[in-house]
Amino acid sequence: MANTYLTRTVSSGADLTKWTWSCWVKRTDLVGGGNNYQRLISNEVSGNTKSWYIRFQNSTQFHAWSNNGAFEFTTNANYRDINGWYHLVVKYDSTQSTEADRFKVYVNGEQPSMANIHYPTLNETVNFMNTGNYVDIGYYRQGSSEYFYGLMSHMHFTAGYAYDASTFGSTDATTGEWKINTSPSVTYGSLGFFILKDGNSVTDQSGNSNNFTVGGGTLTKTEDNPSNVFATLNPLNLQTGTKPILQYGNTSVSGASDGGTEFNGSSTLGMSTGKFYMEFKSTVSSNVHTMIGITSNPSEDARSDHWMGTQSYSYGYYANDGKYYNGNTAYTYGNTYTSDIIGVALDLDNNKLYFSKNGTWQNSGVPTSGSTGTGAISITDNEYFFGVSDASGTYISSGDCNFGNGYFGTTAVSSAGTNASNNGIFEYDVPTGYTALSTKGLNL
């Protein structure tokens with residue numbers, strides 16, 4: 001949601017003594033745009049005399065504040081995970097006789113320890129839904145800043161009704177994980193709303209028609225959701241020198257401005273068994289030195305700035321000569337590529353690797369050939385991550401990864417191929433038996 005935000009103007013409203021805000025969020029950049037503060041939702045009016053917001057502050061802490069002094073808190077815990085989803089809930093009920101019950105905070109169903117706590121007085125209101133006010137999501141209107149960098153799903157606001165986190169989620173009896181309740185039984189009140197349900201719709205699903213609009217940027221639908229977390233490139237595992245630039249939910253990568261970077265990143269999720277597929281679309285049309293491939297040691301690659309294929313544990317398909325590299329040795333393989341879509345099929349049940357160019361498997365590869373490995377690259381390790389690199393250090397390499405969300409950057413695939421067991425959307429047909437790199441894909 002970088003530079004993207006949602007907004008609506010309240011046609012009629014009032015201050016509230018009871019309300020609940022619930023939302024699932026996935027962070028993609030802890031200091032997006034160099035900003036340590038990222039707003040999730042805020043209410044602003046001219047002069048800042050009535051404000052209320054929920055945000056991440058100091059890069060990692062969950063924080064909320066009301067300008068009229070009704071309440072404030074900052075979590076002691078730091079929320080740095082850029083792979084998983086957080087379920088955040090703020091429950092406000094100043095009608096409670098016990099001070100500590102007047103607001104409660106939940107992260108993934110648990111109440112975190114907090115500092116800077118200010119509880120409301122009995123029956124104190126929060127200046128939230130006042131007539132003519134803006135309600136902005138992912139944006140600080142007064143400062144034209146504090147954009148939220150990440151994904152959001154299932155945002156609820158209940159006006160006049162206070163609910164615990166257990167209304168919106170529950171603990172899985174088998175895995176012990178906190179999971180989403182996609183159809184909670186709540187009363188929204190006339191000022192309440194429910195948006196971002198199962199997609200990027202900003203139409204209110206509460207029945208109140210309290211619809212939002214996109215105030216700026218582009219709101220993109222993603223298959224990545226609280227029930228099925230998809231891989232992205234990992235912004236916490238980049239080379240220590242001049243870093244590549246990650247965008248669009250950490251799915252797009254470009255070399256640093258001086259062109260000196262080589263290791264461009266690896267997937268947040270790794271694979272040890274099963275069959276997985278991804279696509280990479282180069283966005284460079286000449287002097288392309290992209291290496292797309294796999295690595296079993298992305299941390300070392302980041303520390304030492306290795307490109308795919310320089311080490312014995314990594315394999316890379318090189319755009320400039322069409323060869324694949326392993327242990328810094330080049331092997332004749334396939335065609336060169338520029339602004340093309342490269343498919344990567346990794347068969348860890350048989351330790352085979354295949355690459356395609358615009359839907360054609362290179363070296364006459366047959367990803368469904370199993371242990372025979374027709375046209376395959378034989379690999380040796382048992383655990384791998386998808387990886388992207390620039391083999392030049394002089395020319396800037398850039399491109400978009402599609403781990404199954406159905407987009408290259410903000411552009412949807414032009415003609416979706418056969419889905420991977422209904423687990424991901426790709427440009428080209430996914431080989432039978434392969435799936436997207438996601439939490440459901442890992443457990444097929």
Side-chain angles (χ1 to χ4, degrees), residues 232-235 237-248 250-267 278-346 353-358 360-363 365 377 379 384-403 408-409 411 427:
T232 66
L233 293 174
N234 189 347
N237 195 35
L238 299 175
Q239 68 174 69
T240 56
T242 305
K243 299 182 183 300
I245 301 166
L246 303 184
Q247 300 181 82
Y248 308 124
N250 299 330
T251 60
S252 295
V253 60
S254 60
S257 59
D258 64 359
T261 186
E262 292 182 348
F263 177 75
N264 285 175
S266 59
S267 58
M278 70 158 290
E279 293 174 338
F280 179 85
K281 183 177 183 179
S282 173
T283 54
V284 182
S285 58
S286 62
N287 292 320
V288 185
H289 290 271
T290 299
M291 299 283 286
I292 180 73
I294 60 172
T295 176
S296 62
N297 196 346
S299 296
E300 177 58 28
D301 291 333
R303 284 190 293 267
S304 301
D305 194 15
H306 294 147
W307 43 270
M308 297 296 103
T310 60
Q311 308 302 305
S312 61
Y313 56 75
S314 68
Y315 300 79
Y317 176 25
Y318 189 21
N320 196 48
D321 62 14
K323 297 179 179 180
Y324 86 82
Y325 285 68
N326 170 241
N328 212 25
T329 300
Y331 299 89
T332 300
Y333 182 66
N335 297 316
T336 61
Y337 57 92
T338 54
S339 300
D340 298 293
I341 296 175
I342 303 303
V344 186
L346 177 60
L353 174 65
Y354 305 83
F355 294 97
S356 66
K357 175 183 174 180
N358 298 329
T360 299
W361 293 102
Q362 301 300 285
N363 198 36
I377 300 169
I379 58 179
Y384 286 99
F385 297 77
F386 288 127
V388 183
S389 62
D390 168 13
S392 168
T394 300
Y395 298 102
I396 297 175
S397 177
S398 63
D400 302 318
C401 295
N402 177 16
F403 291 104
F408 294 108
T411 303
E427 181 81 23

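For Phe386, there are no ring pair (Phe, Tyr, Trp, His ring centres under 6.0 Å) partners at least two apart in sequence or on another chain. By the side chain to side chain donor-acceptor pair (under 3.5 Å) test, Glu427 pairs with Ser414, sequence neighbours left out. Remark: Phe408 engages no residue in a ring pair (Phe, Tyr, Trp, His ring centres under 6.0 Å) (not counting sequence neighbours). Asn320 pairs by the side chain to side chain donor-acceptor pair (under 3.5 Å) definition with nothing, not counting sequence neighbours. Among residues two or more places apart in sequence or in another chain, the ring pair (Phe, Tyr, Trp, His ring centres under 6.0 Å) test is passed with Tyr317 by Tyr333, Tyr337, Phe355.
Taking OG of Ser356 as the reference point, atom CG of Asn363 lies at 13.0 Å (rounded to 0.5 Å). Asp305 contributes atom CG, which lies 3.5 Å from atom CD of Gln239 (distance to the nearest 0.5 angstrom). Considering OG of Ser398 and CG of Asp390, their distance stands at 9.5 Å, rounded to 0.5 Å. One finds the OH atom of Tyr318 at 4.5 Å from the NE2 atom of His289 (value rounded to the nearest 0.5 Å). Rounding to the nearest 0.5 Å places CG of Asn328 at 9.0 Å from OG of Ser314. Between atom CZ of residue Phe385 and atom CD1 of residue Ile294 there is a gap of 11.5 Å, rounded to the nearest 0.5 Å.
Of all non-hydrogen atoms in Gly265 and Leu238, the two that sit nearest each other are CA-CD2, 4.2 Å. Closest approach of Trp307 and Ser389 over heavy atoms only: CB-OG, 3.2 Å. Here the closest non-hydrogen pair linking Met291 and Ala391 is CG-CB, 3.6 Å. Heavy-atom minimum distance, Ala330 versus Lys323: CB-CD, 3.9 Å. The nearest pair of heavy atoms linking Pro298 to Phe263 is O-CZ, 3.8 Å. Minimum interatomic distance between Gly343 and Trp361 (heavy atoms only, all atoms of both residues): O-CZ3, 4.2 Å.
Taking 4.5 Å as the limit, every side-chain heavy atom of Tyr354 sits out of range of all side-chain heavy atoms of Gln362. Counting only heavy atoms from C-beta outward, the side chains of Tyr325 and Thr310 never approach each other to under 4.5 Å. Using a 4.5 Å heavy-atom threshold, the side chains of Val284 and Thr290 count as separate. Side-chain contact between Met278 and Ile292 is present, with heavy atoms from C-beta onward closer than 4.5 Å. Looking at heavy atoms from C-beta onward, Ser282 lies out of side-chain contact with Ile342 at the 4.5 angstrom threshold. Looking only at side-chain heavy atoms (C-beta outward), Asn335 and Thr360 stay at 4.5 Å or farther from each other. Within the 4.5 Å cutoff, no side-chain heavy atoms of Asn234 are placed close to those of Leu246. At a threshold of 4.5 Å between non-hydrogen side-chain atoms, the residues Leu346 and Tyr315 do not count as touching.
Exactly one of Leu233, Asn264, Asn250 qualifies for a side chain to side chain contact (heavy atoms under 4.5 Å, CB included) with Cys401. That residue is Leu233.
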Kindly determine whether Val253 and Phe280 satisfy side-chain contact (heavy atoms from CB on, under 4.5 Å), including the steps that lead there. CA-CA 10 Å; Val253 60; Phe280 179 85; 4.3 Å; yes
Requested in this report: Give the intermediate values and the outcome of side-chain contact (heavy atoms from CB on, under 4.5 Å) for residues Val344 and Leu353.
Outcome: CA-CA 8 Å; Val344 186; Leu353 174 65; 3.8 Å; yes
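When atom types are taken as modelled, the side chain of Asn326 and the backbone of Gly309 share no donor-acceptor pair closer than 3.5 angstrom. The main-chain N or O of Lys281 is never found under 3.5 Å from a side-chain atom of Asp400 such that the two would form a donor-acceptor pair.
Screening residues 287-303 for salt bridge (charged side-chain N to carboxylate O under 4.0 Å, His left out), with sequence neighbours left out, gives Glu300-Arg303.
Using cut-offs of 30° and 60° for the angle between ring planes, the Tyr331 and Tyr324 rings count as parallel.
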